[in-house]
Amino acid sequence: AGNPISFSAYFDVLSDPKFSANLWFSIGAGLLTTVISTMLLVPTTYWVPLRMPYLRSTLELMTLLPIVVPVIVQVFGLLALYRSTFLVNGSGGLYILMIGAYIWAFPYTYRPISAAFQAINVKVLTEAAQSLGASWITILLRVILPNVWGGVLNSAFITFALALGEFTISSLLAQQTFSMYQFGVKDDIYKPIAFTVISFALTWFFIAVLQQVTKHPSQRNAARTTR
């Protein structure tokens with residue numbers, strides 16, 4: 001007879017204090033990285049084609065660099081750059097972790113936003129809003145952003161998922177992230193398998209929650225109308 005089916009490995013992982021601590025640390029780092037990424041990419045993707053189209057090819061080239069340059073080289077470059085600062089000591093490594101995760105995810109997070117902007121006529125919308133007396137902030141938040149909301153959400157989902165599952169940067173910076181927990185239980189046969197299943201389910205859960213929280217008001221109103 002084979003071994004009986006048991007879920008003890010799942011209960012062991014979920015009841016481990018290190019699991020919850022590493023999970024909440026990664027959630028915080030992932031959310032901060034997502035917010036920073038969105039705040040940087042959306043205005044940049046809007047402004048470059050509108051006022052500085054000659055920089056578009058440079059921006060496209062920059063999105064390829066994180067793919068070409070290995071992650072280990074990127075991390076050692078960040079450590080060398082911030083060696084004399086508090087960022088490499090103790091909890092300060094969180095900030096380098098977010099910078100590294102943002103750079104690593106940049107090629108994948110820029111494309112959805114760029115595609116959303118290319119699908120609309122940014123110049124016409126901006127000139128129409130300016131003719132009505134709208135400020136730049138109003139144009140970006142109330143005219144442009146609703147039209148590219150789908151691309152922004154896709155970018156946010158990708159950023160959060162990559163930051164949540166990032167391992168290389170965390171291991172080199174000795175940060176106790178969610179992915180590092182699996183490395184700590186590698187000596188057990190069943191716990192890594194249970195952790196993989198749990199992490200897969202949690203990733204989808206947090207993406208669903210993020211989608212509901214960041215859903216545009218017009219989408220919520222449309223959902224209520226159809227009920």
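Predicted model only: the values in this text are computed from it and were never measured.
- Here the straight-line distance linking atom CG of N22 with atom CD1 of I27 works out to 11.0 Å at 0.5 Å rounding.
- A donor-acceptor pair under 3.5 Å is formed between the side chain of S155 and the backbone N or O of T109.
- L141 and V122 fall within a single hydrophobic cluster, where Ile, Leu, Val, Met, Phe, Trp and Tyr are joined by side-chain heavy atoms under 4.5 Å apart, directly or via other members.
- L40 places a side-chain heavy atom less than 4.5 Å from the side chain of I36.
- Within the 4.5 Å cutoff, the side chain of P112 has heavy atoms near those of the I158 side chain.
- Taking both residues in full, the closest heavy atoms of T34 and A156 are given as CG2-CB, 3.6 Å, listed atom of the first, atom of the second, then distance.
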Step by step, would you call N147 with F117 a side chain to side chain contact (heavy atoms under 4.5 Å, CB included)? CA-CA 8 Å; N147 288 281; F117 272 95; over 6 Å; no

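- Among residues at least two apart or in separate chains, there is no salt bridge (charged side-chain N to carboxylate O under 4.0 Å, His left out) pair with a member in residues 149-160.
- For the pair D16 (side chain) and D12 (backbone), a donor-acceptor distance under 3.5 Å is absent.
- Atom CH2 of W136 sits in a crowded spot, with more than 12 heavy atoms from other residues, nucleotides or ligands closer than 6.0 Å.
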Under the criterion side chain to side chain contact (heavy atoms under 4.5 Å, CB included), I'd like the reasoning laid out for L61 against L59: C-alpha separation, chi angles, the key distance, then a yes or no. CA-CA 5 Å; L61 178 62; L59 187 59; over 6 Å; no

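- Each salt bridge (charged side-chain N to carboxylate O under 4.0 Å, His left out) pair with one or both residues in residues 28-48, not counting sequence neighbours, would appear here, but there are none.
- Judged as a side-chain hydrogen bond (donor to acceptor under 3.5 Å, both in side chains), the pairs with a partner in residues 44-55 (not counting sequence neighbours) are, in order, Y46-T126.
- Y110 is not connected to V35 by any chain of hydrophobic side-chain contacts under 4.5 Å among Ile, Leu, Val, Met, Phe, Trp and Tyr, and they are in different clusters.
- Every residue meeting the ring pair (Phe, Tyr, Trp, His ring centres under 6.0 Å) condition with F19, not counting sequence neighbours, appears here in chain and number order: F178, Y181.
- What you find for P66 and Q74 is that their closest heavy atoms are O-NE2, 3.1 Å.
- By the 4.5 Å heavy-atom criterion applied to side chains, P107 and L64 are not counted as neighbours.
- A distance-only check finds no donor-acceptor pair linking the side chain of Q130 to the backbone of S135 [under 3.5 Å].
- I113 approaches V152 most closely through the heavy-atom pair CG1-CA, 4.2 Å.
- In the hydrophobic cluster analysis, where Ile, Leu, Val, Met, Phe, Trp and Tyr join through side-chain heavy atoms closer than 4.5 angstrom, M39 is grouped apart from L32.
- Residues meeting the side-chain contact (heavy atoms from CB on, under 4.5 Å) test with V124, sequence neighbours left out: N121.
- Few gaps surround CG on L132; more than 12 heavy atoms of other groups in view lie less than 6.0 Å from it.
- Applying the salt bridge (charged side-chain N to carboxylate O under 4.0 Å, His left out) rule to pairs touching residues 102-122 yields E60-R111, sequence neighbours excluded.
- Residue M62 places its CE atom among 12 or fewer non-hydrogen atoms of other residues, nucleotides or ligands, all under 6.0 Å distant.
- When the side-chain contact (heavy atoms from CB on, under 4.5 Å) test is applied to F200, the partners found at least two apart in sequence or on another chain are W204.
- Around CG of L55, the count of heavy atoms belonging to other residues, nucleotides or ligands within 6.0 Å exceeds 12.
- The structure places CG of L140 at 10.5 Å from CG of L50, a figure rounded to the nearest 0.5 Å.
- Here the side chains of F106 and L41 are in contact, with some heavy-atom distance below 4.5 Å.
- Taking Q118 as the reference, S114 meet the side chain to side chain donor-acceptor pair (under 3.5 Å) condition, with sequence neighbours excluded.
- In this structure, the side-chain contact (heavy atoms from CB on, under 4.5 Å) partners of A134, at least two apart in sequence or on a different chain, are A129, T138, I139.
- Within the 4.5 Å cutoff, the side chain of T196 has no heavy atoms near those of the I198 side chain.
- In terms of the side-chain contact (heavy atoms from CB on, under 4.5 Å) criterion, residue partners of A116 (sequence neighbours excluded) are, by chain and number, V148.
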Check: residues 96-105 side-chain donor-acceptor pairs under 3.5 Å, at least two apart:
none

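- With sequence neighbours left out, S199 forms a side chain to side chain donor-acceptor pair (under 3.5 Å) with no residue at all.
- No continuous path of ILVMFWY side-chain contacts below 4.5 Å connects I193 to L23, so the two sit in separate hydrophobic clusters.
- Hydrophobic clustering (side-chain heavy atoms under 4.5 Å, transitive across Ile, Leu, Val, Met, Phe, Trp, Tyr) keeps I67 apart from L65.
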